[in-house]
Each structure stands twice: as structure tokens, then as C-alpha cells.
2 protein chains.
Amino acid sequence: VPLESCLDLILRKRDGGALSAREIETFISGVAADRLPDYQVAALLMAVFFRGLDADELSAWTAAMLASGEQVDLSHIPGAKIDKHSTGGVGDKVSLCLAPLVAACGVRVPMISGRGLGHTGGTLDKLQAIPGFRVDLDVAHFREQMATVGACLIGQTDRLAPADRRLYALRDVTGTVESIPLIAASILSKKLAEGIDGLVLDVKVGRGAFMKDLESARELARTLIGIGERMGKRVSALLTDMDQPLGLAVGNALEVREALEFLGGGGPEDLAEVTLALGEEMLRMGEEIEGVRGGSSLSPRQRLVRAREDGSATRKFQEIVAAQGGEVAALEGRGRGLPAAPLQEVVRSEAAGWLVQVDAAAIGRAAVALGAGRGRLDDVIDPAVGLILHGKLGSRLEAGGPLCTVHYRDPGRLGNSLIWLRKAFSVGPAAPPARPLIFERLGNA
Amino acid sequence: VPLESCLDLILRKRDGGALSAREIETFISGVAADRLPDYQVAALLMAVFFRGLDADELSAWTAAMLASGEQVDLSHIPGAKIDKHSTGGVGDKVSLCLAPLVAACGVRVPMISGRGLGHTGGTLDKLQAIPGFRVDLDVAHFREQMATVGACLIGQTDRLAPADRRLYALRDVTGTVESIPLIAASILSKKLAEGIDGLVLDVKVGRGAFMKDLESARELARTLIGIGERMGKRVSALLTDMDQPLGLAVGNALEVREALEFLGGGGPEDLAEVTLALGEEMLRMGEEIEGVRGGSSLSPRQRLVRAREDGSATRKFQEIVAAQGGEVAALEGRGRGLPAAPLQEVVRSEAAGWLVQVDAAAIGRAAVALGAGRGRLDDVIDPAVGLILHGKLGSRLEAGGPLCTVHYRDPGRLGNSLIWLRKAFSVGPAAPPARPLIFERLGNA
């Protein structure tokens, strides 16, 4: 792409015009091959931030990013291959719960996940709290495990959607991350490269989420569903609450333990509700894709509940862990063999009343301050540290009653974490209004 | 400036916030020192394109660009130092007329000019049609000539407002040229570096100008005047027509000849009207700055007219040419010693009627096609080529009557030029509505 033609694209987009599919393909392949100067790419990204991309442009953009790399071929595996993607939150261990649960019910789950950054956690970091667990497996292993185990959870490889990685790195330093079309194209290009038939989205809404309000969450969901439709993939979305953390555990090993509880039929109610709702979406989507609606005498919800009760979900998780090199023994006795922090500190409420705020973003920051997450990409994570909430929004509290227990290693880091925790909780004189956990469902399926 | 803090500025501007004077100073000095990555500068420029700069930001931006380089000190020279800046047009030889005319009336004119680019001409290219004329003089020469001759016309040096040069180069390839605050800061930072007391702007409006409509021209003028006010400089502006070329000559040596005619009291009426109006502004501003309103018994307009009639304007031009190494003899006999093209072609009207369109942009392109201007910065200019209009908007034409005479050297280039000229002229069955030459005056003076 000569400088002049990239300039043409910048000017057109800047002035509110549309780019052709061919132009977008040339641009994205130029980005992938590092043939375009960063300053022109940055200028175009900022113009897209202000002007957006229409439906045609978005499909072309996504398809070009997908085409910039390898695409996993899972066509040798029978049945529906469905992934779930979350826009990220605090205490969000849903992938650890959902992948084995849904795979135990017969839907294949090819899942390429990310790291935590900022105040949010990442599925890969949580999985790596299990001793030996490998997330850096190659595509050949991924395909084989999909066939044998039916679920595989790995990290990004350099070969899938490389244009996205380059673009993302530039967006991160040029203030162009928060663009719904760019976010949507980034998510879908990576997910479509996994070889999926369908995708269920968990679009988080609230102060701990990327999308702070329902309207922007809806816009992102609709955008993702729209691209999916044009690219012939089923996509549906649940908009779920991320004003407070999901479940009670925040921190990698602590969250693995909570996921184990869930898989065995226990765990916090909100975690179960969100996971089961997403699981139902995936099973229903699987039936539609396979064309065998009602193939089982049980409803999707009943099948999910049964897989928790009969131990098959837990066994599937153990299978996944074993297949990916993790120590299955570490999971026994509710994860007794997982890393544990040596020190604990209980944070207590000064006043009596009702818990009217549990700020997910502040809780996330508190966990990062302990070493459970990354402030920068090269920070090293301590899998053992984190915190356990003692109550959720609306809980009744006595004066001096426990708000949360901090699991820490380094007393120097505890102090910073406590600063965030003081901001996180508010106790009021009356119960807060109830807030829905699942706001709405959107879908093309 | 670390990456993070530049990112902060991008995000704030992107989201409609304001940058502090200190932040702008850090940013601009970072640009000047090449300490910031181009992609972050490009992203911020595009955010400024969309969000603008408020009055405080603009003054800080201009002051920082000014401070990035040397500032010419003309304080040793008594009297008002006033420059004129044109936003650029076709056939715009006003600087060649105005600088000697105003200097002959006693106001000092320090003028740092630019090259032609795109369809517009540049004062430096016109001056260099005079054999030997040097525009690459240094600041020491500039200061001395200002003291002795009272006017000096040179090109940009690397030492004045270097941040502007870097920014402009990046704007040119990132689609961020057409931003009124960025244009205004660029103009004023360079002009203030000349050591001026005041500035008169000729903001061109119409299809041959950068500003196509009165509203955007007004906005640019107001923006420039506003910055000038905050920086303690008198600035006023005339909004003048550039729908058709100014005068009849387009092309470097041809325009020098037309300027010589003007200086001797002749030349096209529209050229005289615009030049005299700008000259009046400069003389009035000079009186205000010197505090000697009415120091002469003649009005500013009368003094300008006298300088054309008594030969002093022509002599001042000869003085400037001599001081800058040009062959004064080449100017004799209406510029007989200036380069002349070997070939001429008359373009004629097919129909009879009235000239209802003389598209300045198309005429400019026709001249560039002949070699009178640059399509790219490294194109070489032929000073001799160009064209002479035979009529202006509203002229009565016979069928077969002449529209213009093309002065050319290379028959191969004539063809391309004629394609533009066919588009430039329209002949209609009735006289077009009269269009004002000077739309309005704006000023802080």
C-alpha cells in the first residue's frame, strides 16, 4: 500500500465515508505484514474511533483479520463446536466452570483465552494456578484434545489473527481501544479462527466491566451478533451484571477452588446462575446447529444440573487438566493441592447496616495490588493471593462484621490492597434496590 | 514524555477534555526533539482534528511551537514591523506587490514565505523566476536587510518553529492538515517567529482556496485573531475571493511581470483592489502601533497610490531584488529579462456568451501540469510557463473568442494542461451574479 492510498483511506474515514472491502483487506494485510507506517495506522484507527464502521466495513474488517492468519480446522470432529467469550470482569471464573460443564453435556468447547490486564482477571492466569497446567499448546494439540476430551483452553498463538495482535498493540498506546467496532472485530476474528460454529457472549455491564452501562453493552452485543450473522455464525449474548464481583472468590487459585465447588454442584448462587444461563445458550445453540433439538429427554438446564450432580462435570475438568499437563491430584479435597497464601487478614465493617456497594473495579484493583493480576503486561502473578468476600450486595452486616478475608504473602502489598478495599465497600442504613444478575438476551439464533 | 503520559493526553483530547499549557508545552517540545513516537503524535493530531482546541489550548500550542525555535529579534529597527499572510490561492502575487509598496510607505515588512504545493502558487517560486534572486538567506542577512531596505522576503529556515515543520510533515501523511486550530497555530507560530508587531491576513475563500466557504474562512480568521490577541499582537483579516484567479497571470515569471505592472500603477483591477485594501490595513496598523495616527497629511490609501505613481514602489522592489542577489536589469521593460516560454497556444471559447465560471482550482492544476507548480515537493518548477487569462468572470465573449493564452515549453505537457483548462471555463447565456472581491474585514485592531 503506498502512502498515498493509505492517506486516501484516512481522509475518507475521517470525513465520514465508507471503505470498500478491498481497501480494508489491503489495509489489514498491510498491518499484518508490517508494511504500513504506524502513524498512518494510528490516524486511521482514531478516525474509526470517531466515525465507526458500518456493517459492511465491519464484516470486511473482521474477515480480513481472520484471513491474516491460520484458521483452526475442527471439521474432522463431529458435533457442534461452541465457545463462550466474556468481555471481562472481576471474579469471573465462568470459563473454568462452563467449558467442562458444557463439554460433559456433549457440546465441544474450543476456547482460546486471554490474560488478565488492568483490574480484570484472565482465564489463563487462573488455569495456571493449577501446578503444571499448560496453556501454550500448539494447534495440533488443540485439535487432538478437541477430538478426545471435547474441550481445550489455551492461550493466543502467533498464528491466529496476527493482524489483531499488531492492531491491538497500537490501539493500546494510541487511545483507540474503546471503540465498539474495533473491539467487536478483534473479538470475533480471534474466535472465528478457533474453528467454532457458534459463540455465546457474556457481555458484562457495570463498574467492574469495560461497558459501564446497558446501552453500550447492548451496542457491543448487537455489533458482534451482526458480524456473526453476516459471516454465517450463530452468535448470542447475555448481558450480565459486573457491578460487584461474580461469586465470592477473587484471585487465581481461590477462583479455581470456587470453580471446583461449582462443578460439584455447590458454590455461590450468582456464579451458578450466570454459568447455567450461558450453558443453556450453548446447549440450545448446539442442538440447533446439529439439528437434533430435543435429542435428549432432558431440557438443557436439566442436563447441566445433572452433569454437576453426577460428577461428570468435575471429571471433565479433571480430564482437561490431565490433558494439559496439570496435576489432577492438586484439585482433590476442594483444591487442597493448589497454591495457598501464608497470611490472612479479615477486613471488617465499622458500621452495622446493609452492604450497598461492592465495587468490582476497586476489588479488582485490590487483588492486583496483592499480586493476583497485572498492572503491566510483564508483571509476575502470584497465584495464591486474592480475597474472599463474606457477603454480596444487600447482605446484612453487624458492626465489626467481616467484609472479606485477604489472602496475602507480602505485608508490604497488603497496605495498598487495603486502600482499595476501603473504597470498595459501602454500608448503608437500608437494603439497596435489587439489581438483576442477567439483564437481557440478544441473539441471531 | 513517557508513553503513558502522552496516552493520557490522547485519551483526554479524544473524550473532549482540555490539555493544560504545561502538557501542551511538554508535547510540542517532545515533537520538536523527536522524543515522541509518531503513532502517538498522529493519534493526538486526529483527536484534535475531531475535538478542536479551545482558546487557552491554542495560545499554549502556538507559544510552544514558537518557543521550539529561534525568534528573530527586530527590536533594533525603529517603527512597526508588519507582515501579511495569505492562505494561498491561484494567481496570488499579492506579496510581490504589497511588500515593496508598503515598505515604500515606511512600514517594515519582514516576510517569510512558502513554496507552492498542490494547485496553489508560492511566493518563493515567483521570486525565484527573477534570475539570481536568493530566498535562502540567513537570519543575520534578514535582520540587516530589514534595517536597510525595510523589507525582506525569504524562505523558512530550520531554526524558526521547528516543531511546526515536524508536525506539518506528519499532518500531511495522516489526514490532519484540514484542522482550523492546527492551521492557525502553524501560521502564527511561524509568523510570530519573524519578530513582527502585527499581521494582516488575506484569507482566501472559494473553489481555488483552502477555505471553500465564508463560514470556514471566518472561523479561521477569528481563530487567528484570537490567538494574536492573547499573544499581544495585532492581527486583522480580509476575507477575499479566490473563486477565480487573482489578476490575469498564473505562472511564476508571468506573475512577476504582472506585479511589476501593478507597482507602476497598472495591472488588473482586482489585483490592485485586494493589494491596496491589504496595504491600507498594514499602514493603519503601523500608525496604531507607532501611535502616530495622522502623522502624514495623506490617508493610507493616498500614500499607497502615490507610491505607485511616483515610482517609489517600483524602486523599493528593485532594492529588494538587488539586496537579495537578483538581476535588477531583468525587470526592465516590464520584465523583458525574465524567463519566457518558447511556445504559446490560445484557448478559445466555442460558444458566445458570458464567462460564468473561471475555476481557480482547475486553472491552478492547468498551470501545475505545465510545470509552473509542484504536484510533489521534489518536482522542479519551470519559471517561464503559465497562462494569461483574457477575461474575468462576467466578461462578454464572442464564439471563437480567446479565453486564455498558454505559455508552454513541452508540447507533451500542454495536453494535460488543456484537459484542466476545458474544465476551468464555463460560458453561459447570461451574465453571472456579481461576486464581491472583498467579503469582509475582521480584526482585533
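So that the names make sense, note that chain A is the first sequence line, chain B the second, and so on, each numbered from 1.
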>> Looking at every non-hydrogen atom in both residues, tell me the closest pair between A/T174 and B/I10 and how far apart they are.
In response: O-CG2, 3.3 Å

>> Quick check on B/L45 against chain A: is it the side chain, the backbone, both or neither that has a heavy atom closer than 4.5 Å?
In response: neither

> Is there side-chain contact between A/L170 and B/Y39, with at least one heavy-atom pair below 4.5 Å?
Replying inline: yes

> Top residue by heavy-atom pair count (under 4.5 Å) with chain B, among A/K13, A/M46, A/R14?
Replying inline: A/R14

> Highest number of heavy-atom pairs under 4.5 Å with chain A: which of B/D38, B/D172, B/T176?
Replying inline: B/D38

> Is it the backbone or the side chain of B/D15 that comes under 4.5 Å from a heavy atom of chain A, or both, or neither?
Replying inline: side chain

> Looking only at heavy atoms, what is the nearest atom pair of A/V173 and B/Q40, with distance?
Replying inline: O-NE2, 2.7 Å

> Given A/F50 and B/F50, is the ring-ring contact (aromatic ring centres under 6.0 Å, His included) satisfied, shown in steps?
Replying inline: CA-CA 8 Å; A/F50 281 99; B/F50 281 99; 4.3 Å; yes

>> Looking at every non-hydrogen atom in both residues, tell me the closest pair between A/A42 and B/A42 and how far apart they are.
In response: CB-CB, 4.4 Å

> For A/L44, is it the side chain, the backbone, both, or neither that has a heavy atom closer than 4.5 Å to a heavy atom of chain B?
Replying inline: neither

